[in-house]
There are 2 protein chains.
Amino acid sequence: MTTSIKDVALLAGVSVATVSRALGNGPVSPALRAKVEAAVAQCGYRPNLSARRLRSQHTRTVGLIVSDICNPFFTAVGRAVEDVAYRAGMRVILCNTDENPDKEAMYLRLMQEERVSGVIFAATRATADALDTAELGFPVVMIDRAGAAARCDAVLLDNRLAAAQLVEHLLERGYRRIGGLFGNTSSTGAERHAGFAEALQRAGLPVAARFVAPSAAAAQAELAAWLPEETAPEALVASNGLLLLGAAKAVRAAGVAVPQRLALAGFDNDSWMELAEPGMTVIEQPVEEIGRVAMEMLLERLRQPERPPRKVVLAGRLVARGSSLARA
Amino acid sequence: MTTSIKDVALLAGVSVATVSRALGNGPVSPALRAKVEAAVAQCGYRPNLSARRLRSQHTRTVGLIVSDICNPFFTAVGRAVEDVAYRAGMRVILCNTDENPDKEAMYLRLMQEERVSGVIFAATRATADALDTAELGFPVVMIDRAGAAARCDAVLLDNRLAAAQLVEHLLERGYRRIGGLFGNTSSTGAERHAGFAEALQRAGLPVAARFVAPSAAAAQAELAAWLPEETAPEALVASNGLLLLGAAKAVRAAGVAVPQRLALAGFDNDSWMELAEPGMTVIEQPVEEIGRVAMEMLLERLRQPERPPRKVVLAGRLVARGSSLARA
DNA sequence: ATGGCATGAGAAAACGTTTTCAATCGATAG
DNA sequence: CTATCGATTGAAAACGTTTTCTCATGCCAT
């Protein structure tokens with residue numbers, strides 16, 4: 001039995017309503033306000049957020065739905081989201097979907113039951129395309145991946161451009177047989193593949209792309225199988241940090257020289273990219289900015305529900321390192 | 001205006017109480033249960049969790065308070081906690097304290113206002129020692145670091161032993177001037193330092209330890225300053241993954257050969273440890289198990305509030321790699 | 001046939017707040 | 001001197017559930 005606002009009122013000799021007003025910022029005389037604060041301090045009162053949320057009908061809670069918080073990209077994004085959210089007096093509920101549409105649906109339902117103020121969502125391709133954000137009952141900001149048709153706010157990387165940039169970098173450095181490893185569940189993977197393919201076609205080169213499950217292990221297995229083949233590439237583009245990690249492991253296990261026998265390049269400037277010899281060439285995403293902007297857009301949307309949806313497209317930054325050194 | 005249980009009752013032609021019972025698992029006849037389910041489906045009813053929590057007086061929510069979810073150790077632990085929690089029908093609120101005691105106090109207060117069922121807490125040394133878990137109002141499971149006096153559940157690594165193990169490994173490989181880099185806020189850093197110092201003293205060797213803020217940048221700066229000194233070690237132990245990352249960066253920037261001029265060893269088998277040439281020797285923590293066991297202990301505690309507190313001490317596993325190769 | 005007794009259902013209370021509504025009071029304007 | 005107004009305050013309703021109580025019904029044992 002915890003102490004409630006009633007106990008405070010009794011102790012301070014005022015009404016329940018006055019306590020509520022003194023704690024929020026209602027109009028209350030300095031004298032009573034002082035009495036209330038004294039009583040609160042004396043009995044160690046803590047407001048019950050469930051009751052407050054029920055009565056006031058807004059939860060000051062946002063959901064953050066990502067595929068896997070263990071992916072450093074989402075960790076960093078999530079951290080930025082939380083910082084902005086807590087600073088705005090909102091709480092964050094984190095959900096990991098493992099790129100599983102069933103889990104996505106389950107968590108979306110949970111968000112409805114929580115009556116969240118809004119959701120920041122990195123959806124799989126399937127869900128992003130099918131999602132009807134209007135009937136959800138709360139605003140959604142898409143991150144990383146956006147549904148083609150989704151009429152809602154989003155903050156994204158210019159994936160096509162970034163992938164093309166990577167290919168052109170490799171072409172410049174003298175590589176020709178360029179392969180690609182892409183995630184098979186996200187629209188991000190698809191877009192990066194599109195930019196990859198376009199750039200190669202512009203150069204009149206064949207595109208050799210493989211799609212894998214979005215995990216380091218899958219990428220490692222795929223590349224391990226690919227390396228001994230005749231079609232094995234001279235340079236490889238990996239569609240995100242996890243896949244690049246897997247690729248690097250496969251390369252190391254096979255004892256393949258980087259970049260002499262195989263150049264590597266990918267996405268996400270994770271902490272190890274600099275450290276793995278000879279340094280990984282990557283497109284760095286502005287991870288902190290993505291999370292911050294997403295949360296800010298959500299807050300903006302809550303203030304102005306009728307504002308037309310907006311998509312913020314951020315640019316990646318090419319960080320060239322030893323793994324794509326110019327060909328001898 | 002969302003649909004409430006009242007609307008469902010009206011639509012199904014039964015009382016509110018019956019709807020509640022049909023949705024929970026109260027005793028209700030099959031006929032009415034079917035009618036209720038039909039009505040729920042028809043009007044798309046979603047229970048309001050705030051109301052449910054207020055009335056039923058349990059929130060089915062746990063808090064997870066860590067220093068920084070960007071640290072791969074906490075990411076992995078957090079992921080395991082969430083998996084177990086969601087499977088048990090509980091939600092997780094994540095809080096990042098940045099090892100700041102003020103933030104810790106703030107989040108602890110927030111947890112009280114949320115009326116959480118319990119908290120899993122990686123506290124700083126200061127907080128862990130001062131914390132009075134009895135007056136918090138909810139059970140706490142400490143992870144990673146435990147207060148000396150804290151009379152509550154905990155799941156920890158045998159830090160002393162692990163650090164000593166690391167030192168003995170280096171001694172075996174022929175290193176003598178062994179330095180250490182330890183975090184200056186956590187009790188973990190202190191314990192690992194203790195094990196480190198003991199092992200060196202047993203061997204009759206001097207202990208050269210430096211304490212730094214718990215971040216890769218701080219470790220990098222410290223080691224960069226240390227390397228040129230006369231007292232620079234032949235081998236370095238870093239107290240966690242972040243510090244080891246910083247150390248590796250400093251070593252790389254200074255062009256120091258590993259392990260020829262400086263051997264490296266540390267904690268946490270993060271994904272890059274294998275990849276950073278020549279491979280990092282580390283004590284691997286059972287991260288997934290730590291998170292899982294912590295959450296399971298919390299559930300257990302909720303079932304049996306009066307059970308005496310229990311500490312689970314898990315062992316680390318030494319993974320020897322090239323960074324600690326036997327001395328020539 | 002009658003008195004428990006288990007079962008299923010509804011009415012209403014309760015959870016701890018915020019918010020609306022009405023009331024009191026002092027002061028200022030007419 | 002009185003009527004009106006603004007500022008505070010308290011009483012009570014409301015938020016959407018779960019849970020306690022009460023009651024009706026049918027069944028079994030006496």
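Here is the naming used below: chain letters follow the sequence lines, and residue numbers restart at 1 for every chain.
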Protein-nucleotides 22-26 of chain C N/O pairs closer than 3.5 Å?
none

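No contact: A:Arg33 has no heavy atom under 4.0 Å from any strand.
Atom C1' of nucleotide D:dT18 and atom CG of B:Asn48 are separated by 13 Å, given to the nearest angstrom. When rounded to the nearest whole Å, the span between CG of B:Asp7 and C1' of D:dC15 equals 13 Å. The CD-C1' distance, from A:Gln57 to C:dG16, rounds to 14 Å in whole Å. Atom CG of A:Leu23 is separated from atom P of D:dT9 by 15 Å (rounded to the nearest Å). Taking atom CG of residue A:Leu49 and atom C1' of nucleotide C:dT17, one finds them 10 Å apart after rounding to whole Å. Rounded to whole Å, atom P of C:dC15 lies 14 Å from atom CD1 of A:Ile5. The CD atom of A:Glu113 sits 17 Å away from the C1' atom of D:dC15 (whole-angstrom rounding). Atom CZ in A:Arg52 sits roughly 18 Å away from atom P in D:dG16 (whole-Å rounding).
Residues forming a ring-ring contact (aromatic ring centres under 6.0 Å, His included) with B:Tyr86 (at least two apart in sequence, or on another chain): A:Tyr107. For the side-chain contact (heavy atoms from CB on, under 4.5 Å) test, residues two or more places apart in sequence or in another chain that qualify with A:Arg292 are A:Val84, A:Glu288, A:Glu289, A:Glu296. Residues satisfying the salt bridge (charged side-chain N to carboxylate O under 4.0 Å, His left out) criterion with B:Lys35, sequence neighbours excluded, are absent altogether.
The shortest heavy-atom contact between B:Arg307 and B:Met297 is NH2-O, 4.2 Å. Considering every non-hydrogen atom in both B:Cys152 and B:Thr133, the closest pair reads SG-CG2, 4.0 Å. Across all non-hydrogen atoms, the minimal contact from A:Ile5 to A:Tyr45 is N-CE1, 3.5 Å.
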Protein heavy-atom contacts under 4.0 Å, written 5' to 3' over nucleotides 6-14 of chain C as B (base), S (sugar-phosphate only) or - (none), form the string --SBBB-BB
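Using a distance-only test at 3.5 Å, with no hydrogens or angles considered, no donor-acceptor pair links the side chain of B:Ser67 to the main chain of B:Thr97. A side-chain donor-acceptor contact under 3.5 Å links A:Thr59 to the backbone of A:Arg115. Under a 3.5 Å cut-off, the side chain of A:Glu104 and the backbone N or O of A:Thr124 do form a donor-acceptor pair. Of the possible donor and acceptor atoms, one in the side chain of B:Arg60 sits under 3.5 Å from a partner among the backbone N and O of B:Ala88.
The nucleotide whose nearest atom lies closest to any side-chain atom of A:Ser20 is, among D:dT18, C:dT18, C:dG16, C:dT18.
Atom CZ of B:Arg125 has 12 or fewer heavy atoms from other residues, nucleotides or ligands within 6.0 Å.
Between the two ends of the helix from C:dA1-D:dT30 to C:dG30-D:dC1, each summarised by a five-pair axis, the helix axis turns through 50° (rounded to 10 degrees).
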